[in-house]
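Data block below; observations after.
Chain letters run A, B, ... following the sequence lines, proteins first, then strands; residues in each count from 1. The analysis underlying the following values was restricted to heavy atoms, covering all of them including side chains, and did not include hydrogens, waters or symmetry mates.
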Amino acid sequence: MSDKILEVKDLKVEFKTDNGIVTAVNGVNIEVYKGKTLGIVGESGSGKSVTALSIMGLIPSPPGNVAGGEIIYRGKNVLDIPTDEMRTIRGNKIAMIFQEPMTSLNPVFTVGNQIEEVLALHQKELTKQDRKDKVIEMLSLVGIPSPEKRANEYPHQLSGGMRQRVMIAISLACRPDILIADEPTTALDVTIQAQILELMKKLQEEIGMGIIFITHDLGVVAEMCDDVAVMYCGQIVERADVKTLFNRSRHPYTKGLIESIPSFDSTLGETRERLPTIEGMVPSLQNLPTGCNFQDRCDFATDICKGQNGDPLLEKYGSDEHMIRCFNPLS
Amino acid sequence: MNIYTYILRRLLYIFPVIIGVSFLIFILFNVVCPDPTLIMLGKHATPEQMAMLRTELGLDRPLWVQYFDILKSAFTFDFGRSWNTKQEIFQMIKNGAIPSLTFTVPGFIFSTITSLSIAVVVAFYRGKFLDKFFVVICVSMMSISSLAYILFFQWFFAYKLGMFEISGYEDGFPYFIPYVILPIIIWIILSLGYDLRFYRTVMLDEIYQDYVRTARAKGLSERVILFKHVLKNAMIPVITYVVIQIPYLILGALLIENFFGIPGLGSLVVDAINSNDFGVLKAMSILTSLAFIFFNLLSDVLYTMVDPRVRLK
């Protein structure tokens, strides 16, 4: 396989709450490769964002705490890197964009200023004029028209899509190895969403960074990702390359997610069927069942899923790259 | 719209406000208020005496003339003479303003700077011991009555230790200093609790915003995030809070001035109420309103300098 830049091993993140300790991420293993996109899919609270924030070293502590595991970036465990040194990596080598383009930019500084800030921080050799040029270059790279003028504007003068482009410009200004995109298109309307995804793909080809793409939208995953990890209750339940996942998913949860994507012909056909859904609710992280976390919502659950032989493990299924955490995989 | 158009437009808004305020004052003092001559001369006054006083005070003129007088005084600052001491009112206010300002301004500046700085530090250590410690201090400072501070400080520092004057005032720098130190300290103590709590809340509101997360993701240090990103955003509510306090500085502090015998505007108002000096009260009402209008305008203009979003609205 191509260059592995980041490997997360058995990551465990806990949060202290009034009702005791909650394990938001429990034994997650992922790998990011140069120029490839890893999708992390899951419902709200499944631990996708927490995984991303741990890689950035941005888990708010307290109440959060990385309780175990390793995050290996270029041979070094990120979790052991002292804060000062971590700051030289963050925003420089590992960058992140967020879900809320409307609020993620500072309202009282111009967008040019906010892009320049990250350059001034990580590329000290640049002169002021170099930085100014680079800001314009980045703005035109992310497809913002008349960048010279836009650089002097404030975030409120830009639309949501434009702001997300600015966020991308900030994150890519130092040409990072890894870009973590935490639901970057969720808050945008569909046409803008398509443009932003297109832009990210184009920039990935140019810069060659590995992308961790967090989303709950499987449609976006199909378009963007090379590999996919499906998360449920802080654990990965299925991991495969994108083709395998869509064509031969083996975990009932993944299957349920794929089936609940509205497809065009089912609504046009003569017999209008109800869109399948996954019944029930995500169990509370404080009150997880023994055995498989998905048992209560699963149509295929049997006694073995209740945990008489322990919890299900993430195991190889068929090909090397396909892993699932299920006692009763679909055939 | 550029900033000058904005200021000009805001200045034009002032006129209707002044007309409204002067009308309210007119209703209060010249229409609703019971006949002031009756209060001043007592119940044994003859109708002739009352009529004479009414002419002297200008109360026999048509109401619209009286209203116009009030409106005019808002622009000329000519408030006539005191009904009681016969001194020129504007002169009295000018004389009273200086002693008030000698202790309110240092108190205000010191407490604002101190509480803002502590608020930044406390925001940095939010949820930790230092933060909780200051919250407790704030609440206890706010819970003790100002009278307790005044009496204790007078008794302990001035009487027992003899460090400062118990009460009184002398005009001119530096003679007033021994008289105003205790009032300044008490002013600081009284405002510190409120200020610190307000600034802390403002800082904490900002610290959990999404742009702070972005700033962290850029790799900026907490110090830069706090002093550059957070502080500039926090300035918006802070400016209102600070600027709106300024009129109160001119007004002085009623209790402090009374207990320390400082001949400031607080004392002037109390004396005027005691002696039914409606001329002074009316003048003070107008001046206070003007001060509020002016500083409101000032805070609006200052907004446009820190918040780029304001100008377009």
Do [X] and [Y] have side-chain N/O donor and acceptor atoms under 3.5 Å apart?
X         : Y         : answer
Glu117(A) : His229(B) : yes
Gln209(B) : Thr103(A) : no
Glu183(A) : His216(A) : yes
Thr37(A)  : Gln204(A) : yes
Ser115(B) : Tyr194(B) : no

Counting only non-hydrogen atoms closer than 4.5 Å, does [X] touch chain B with its backbone (N, CA, C, O), its side chain (CB onward), both, or neither?
X         : answer
Asp182(A) : neither
Leu121(A) : side chain
Met86(A)  : neither

> Of all the residues in residues 119-127 of chain B, which have a heavy atom that comes within less than 4.5 Å of a heavy atom in chain A?
Replying inline: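 Listed by number, there are no contacting residues, so the answer is none.
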
>> I'd like to know which of Gln99(A), Gln114(A), Met102(A) tops the heavy-atom pair count under 4.5 Å against chain B.
In response: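 Option with the top pair count is Gln114(A).
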
> When heavy-atom pairs shorter than 4.5 Å are enumerated against chain B, which of Ser171(A), Pro107(A), Gly91(A) gives the highest number?
Replying inline: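 Going by pairs under 4.5 Å, I would pick Pro107(A).
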
>> Given Phe108(B), which partner from the list Thr112(B), Val105(B), Thr104(B) fulfils the side-chain contact (heavy atoms from CB on, under 4.5 Å) test?
In response: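 Between Phe108(B) and the candidates, side-chain contact (heavy atoms from CB on, under 4.5 Å) is satisfied uniquely by Thr112(B).
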
> If you measure from the Lys or Arg side-chain nitrogens to the Asp or Glu carboxylate oxygens, is any gap between Glu100(A) and Arg213(B) under 4.0 Å?
Replying inline: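 Looking at Arg213(B) together with Glu100(A), the answer is yes, because their closest N to O distance falls below 4.0 Å.
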
>> Between the side chains of Lys134(A) and Glu137(A), is the shortest nitrogen-to-carboxylate-oxygen separation below 4.0 Å, so that they form an ion pair?
In response: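 Looking at Lys134(A) together with Glu137(A), the answer is no, because their closest N to O distance does not fall below 4.0 Å.
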
